[in-house]
Amino acid sequence: MPNPVSGATEIFRMPAADATVPDLMGTSRLAHPTLTIVKGPQIGETFELDSPEITLGRDPKNSVFLNDMTVSRHHARMNLSNISSGIATIEDLGSLNGTWVDGAIASRAGLKDGSTIQIGTFRMVFHTNARPRRIDTEA
């Protein structure tokens with residue numbers, strides 16, 4: 001029905017079921033932990049960490065290949081074998097520039113969801129992608 005008042009503004013609402021509206025919250029969650037580069041030559045790249053041991057370094061055979069001269073060939077190793085219990089660690093493998101976790105240099109450190117890892121010029125964010133657990137409360 002047209003608006004009888006000339007020059008009046010009408011409000012148009014896009015139906016939520018419209019195919020042109022992206023469903024940002026409905027995307028499936030990744031089942032494995034991830035490491036996303038937030039600073040460095042490969043910014044924006046995300047690695048899905050799908051094995052219990054992840055190697056990081058400049059050698060292309062590593063699980064996470066970081067192609068930059070500031071990274072050692074075999075720089076660090078992550079242990080995700082107990083990730084289901086919330087335990088993840090990273091260990092420096094004697095690299096020249098060191099491995100930094102949450103702003104501190106570390107030979108070995110625990111990782112939590114949101115931890116930052118700095119290797120050479122790369123800054124990465126670790127996410128566990130764990131499903132939220134139900135918290136039982138007394139009524």
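Bear in mind that the values here come from a model prediction, so they are computed numbers and not experimental data.
Going from atom CG of L66 over to atom CG of D59 covers 11.5 Å, rounded to the nearest 0.5 Å. Atoms CG and NE2, on L35 and H127 in that order, are 9.5 Å from each other to the nearest 0.5 Å. In this structure, Q118 CD and R123 CZ are separated by 5.0 Å, a value rounded to the nearest 0.5 Å. Here the OG1-CE distance, from T55 to M78, works out to 11.0 Å after rounding to the nearest 0.5 Å. Rounding to the nearest 0.5 Å places OG1 of T34 at 8.0 Å from CG of D113. Summarising the geometry, atom NE2 belonging to H75 is positioned 8.5 Å from atom CG belonging to L56; distances are rounded to the nearest 0.5 Å.
Taking every heavy atom of both residues into account, S63 and F47 meet most closely at O-CD2, 4.3 Å. Residue A88 comes nearest to L80 through the heavy atom pair CB-CD2, 3.7 Å, listed as atom of the first residue, atom of the second, then distance. Scanning both residues, A76 and T99, for their nearest heavy atoms gives CB-OG1, 3.9 Å. Closest of all the heavy-atom pairs between N129 and H32 is ND2-O, 2.8 Å. Taking each heavy atom of G44 and T36 in turn, the nearest pair found is O-CG2, 4.5 Å. Taking every heavy atom of both residues into account, T116 and G103 meet most closely at OG1-N, 4.3 Å.
A donor-acceptor pair is defined here as one N or O able to donate and one able to accept, closer than 3.5 Å; no such pair exists between the side chain of D92 and the backbone of A106. Of the possible polar contacts, none joining the S72 side chain to the H74 backbone as a donor-acceptor pair under 3.5 Å is found. Checking side-chain atoms of R77 against main-chain N and O of E91 turns up no donor-acceptor pair under 3.5 Å.
Under the side-chain contact (heavy atoms from CB on, under 4.5 Å) test applied with T70, the options N97, I119, L96 reduce to a single match, N97.
Side-chain heavy atoms closer than 4.5 Å link hydrophobic residues (I, L, V, M, F, W, Y) into clusters, and following such links, possibly through other members, connects I83 to L111. Residue I54 is not grouped with residue F65 when hydrophobic side chains (ILVMFWY) are merged at heavy-atom distances under 4.5 angstrom, including chains of intermediate members. Residues M124 and L93 do not share a hydrophobic cluster, defined by chaining ILVMFWY side chains whose heavy atoms lie under 4.5 Å apart.
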Point to revise | Residue pair F126, V101: steps toward the side chain to side chain contact (heavy atoms under 4.5 Å, CB included) verdict | key: CA-CA 10 Å; F126 173 76; V101 177; over 6 Å; no
